[in-house]
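The analysis underlying the following values was restricted to heavy atoms, covering all of them including side chains, and did not include hydrogens, waters or symmetry mates.
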Amino acid sequence: MGSLEVERITTGWAARDPSGVLSPYTYTLRNTGPEDVFIKVICCGVCHTDIHQVKNDLGMSKYPMVPGHEVVGEVVEVGSDVTKFRKGDCVGVGALVGCCRSCRPCKADIEQYCNKKIWSYNDVYTDGKPTQGGFAGAMVVDQKFVVKIPDGMSAEQAAPLLCAAVTVYSPLNHFGLKQSGLRGAILGLGGVGHMGVKIAKAMGHHITVISSSNKKREEAIEHLGADDYLVSSDATRMQEAADSLDYIIDTVPVFHPLEPYLSLLKVDGKLILMGVINTPLQFVTPMVMLGRKTITGSFVGSMKETEEMLEFCKEKNLTSMIEVVKMDYVNTALERLEKNDVRYRFVVDVAGSKLEQ
């Protein structure tokens, strides 16, 4: 398979322009190099970032573009120097497929902050060809950027963990917020937010969900196990909650004021931004100065953290709440996701879909 004489082709669903509409697209994959893993895609989660990319919201999109960076698949072939995986393994691929391996972040095993990182899609690989994501029949990925899915974890359940869950796990890990007894909040209850509630609760934290309406109260408390629920427009309740939180994980991917949330933090509290927002946010400096508060950001997680997070989720029996769809529904799924009409992550059943239509 994949001999040099025969080009390896696969079909994915690609956006051709900023309308973001996906349709079948056939393209070539590189042959399996010594460090590569050839993966048959089983399923792929749908992330809000996929919308930003296919619609060129960030002004950096190149077409045709096959999105998808929460990929779970089966190993079909491994390169001669691959030691971590074998044929038949169930594996995952997240947001990155390459890095320089020589800069400070790479040497510190936080390759997600490498300035030369290579995205799973909408990027250019070292061979000069565009990278394409997991809304496709197959991928070829360097073994460094592949993780083993723990035994007993279903592919559909594992997919959203590769972005949504590690995006929350990484800052809690890095900022020393893993010990039990902390008081935290999750702002925005979407794909990342719902995993934030589950992971933080499993670490023993008291968790408040903050939302713009009462719509998700029952879901947050009854289904996800949150301890409290705050509506951001309820001035009295927001005032009562002032100076009560060690951290807030802010997953909102659109413009919103920061000051109401900064006031909820204790001294040395952290507001951790995770939503990709292309308009400037603002706040007055005394809001942070008078409590030595921190506004910081965090981006996905390292491969090491991804492996740790998967083991943590297996140990604590954490799962994501998903809606599984076929590829021919993916455009509707993207429209619904844009309106926040999903509980809480779409996962495309790639292997069970007819890709070539």
Side-chain angles (χ1 to χ4, degrees), residues 2 6-30 38-74 76 92-97 118-125 127-141 155-156 159-160 162-164 190-191 253 276 278 322-342 344-357:
V6 186
E7 278 198 311
R8 179 184 278 155
I9 62 167
T10 193
T11 299
W13 276 46
R16 303 318 208 276
D17 56 53
S19 70
V21 175
L22 306 186
S23 58
Y25 169 62
T26 299
Y27 54 100
T28 60
L29 295 172
R30 70 176 183 273
F38 177 41
I39 300 163
K40 177 181 181 283
V41 177
I42 297 170
C43 62
C44 186
V46 184
C47 175
H48 206 278
T49 307
D50 295 326
I51 298 172
H52 285 308
Q53 295 282 21
V54 297
K55 295 200 166 186
N56 196 25
D57 289 346
L58 305 173
M60 298 180 294
S61 297
K62 294 182 180 66
Y63 303 96
M65 179 202 304
V66 177
H69 62 228
E70 297 181 337
V71 192
V72 177
E74 180 186 335
V76 176
V93 179
L96 303 183
V97 293
I118 301 173
W119 304 97
S120 305
Y121 67 89
N122 194 34
D123 208 342
V124 178
Y125 202 63
D127 59 4
K129 290 189 175 171
T131 59
Q132 302 289 11
F135 290 8
M139 291 177 82
V140 178
V141 183
E156 290 82 5
L162 298 168
C163 170
V276 177
N278 58 1
I322 58 173
E323 182 176 333
V324 179
V325 299
K326 300 287 192 215
M327 190 66 85
D328 59 9
Y329 188 80
V330 74
N331 289 306
T332 307
L334 289 167
E335 284 172 19
R336 283 180 53 197
L337 175 57
E338 204 163 15
K339 298 180 199 145
N340 207 13
D341 174 26
V342 57
Y344 278 95
R345 203 64 147 188
F346 283 115
V347 175
V348 181
D349 171 13
V350 178
S353 296
K354 191 167 180 292
L355 299 180
E356 287 84 6
Q357 315 192 344

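Between Leu22 and Val330, the shortest heavy-atom contact is CD1-CG1, 3.8 Å. Closest heavy-atom contact between Val124 and Ile118: O-CG2, 3.7 Å. Taking all atoms of both residues into account, the shortest heavy-atom contact from His69 to Cys44 is N-SG, 3.9 Å. Taking every heavy atom of both residues into account, Val71 and Gly134 meet most closely at CG2-CA, 3.7 Å.
No donor-acceptor pair under 3.5 Å is formed between the side chain of Asn56 and the backbone N or O of Pro18. Remark: side-chain polar atoms of Tyr27 are not paired, donor with acceptor, to backbone N or O of Gly12 under 3.5 angstrom. A donor-acceptor pair is defined here as one N or O able to donate and one able to accept, closer than 3.5 Å; such a pair exists between the side chain of Asn122 and the backbone of Lys62. In this structure a side-chain-to-backbone donor-acceptor pair under 3.5 Å is present from Gln132 to Val66. Counting only distance, with no hydrogens or angles, the side chain of Ser61 and the backbone of Gln53 share a donor-acceptor pair below 3.5 Å. In terms of modelled atom types and a separation under 3.5 Å, the side chain of Thr10 and the main chain of Ala138 share a donor-acceptor contact. The main-chain N or O of Asp123 is found under 3.5 Å from a side-chain atom of Thr131 such that the two form a donor-acceptor pair.
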*I would like to know whether Tyr25 and Met65 meet side-chain contact (heavy atoms from CB on, under 4.5 Å); could you show each step before the answer?*
CA-CA 9 Å; Tyr25 169 62; Met65 179 202 304; over 6 Å; no

*Could you go through the side-chain contact (heavy atoms from CB on, under 4.5 Å) check for Val97 and Trp119 one step at a time?*
CA-CA 6 Å; Val97 293; Trp119 304 97; over 6 Å; no

*Would you check, one step at a time, whether the test side-chain contact (heavy atoms from CB on, under 4.5 Å) holds for Val140 with Ile39?*
CA-CA 6 Å; Val140 178; Ile39 300 163; over 6 Å; no

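The shortest side-chain heavy-atom distance between Val93 and Leu162 does not fall under the 4.5 Å cut-off.
Asp50 contributes atom CG, which lies 7.0 Å from atom CG of Leu334 (distance to the nearest 0.5 angstrom). Here Arg345 contributes atom CZ and His48 contributes atom NE2; the two are 9.5 Å apart, rounded to the nearest 0.5 Å. In this structure, OG1 in Thr49 is found 8.5 Å from CG in Leu58, a value given to the nearest 0.5 Å.
Of the N and O atoms on the side chains of Arg16 and Ser23, at least one donor lies less than 3.5 Å from an acceptor on the other residue.
The cationic atom of Arg336 (NZ for Lys, CZ for Arg) does not lie both less than 6.0 Å from the six-membered ring centre of Phe346 and within 45° of the ring axis.
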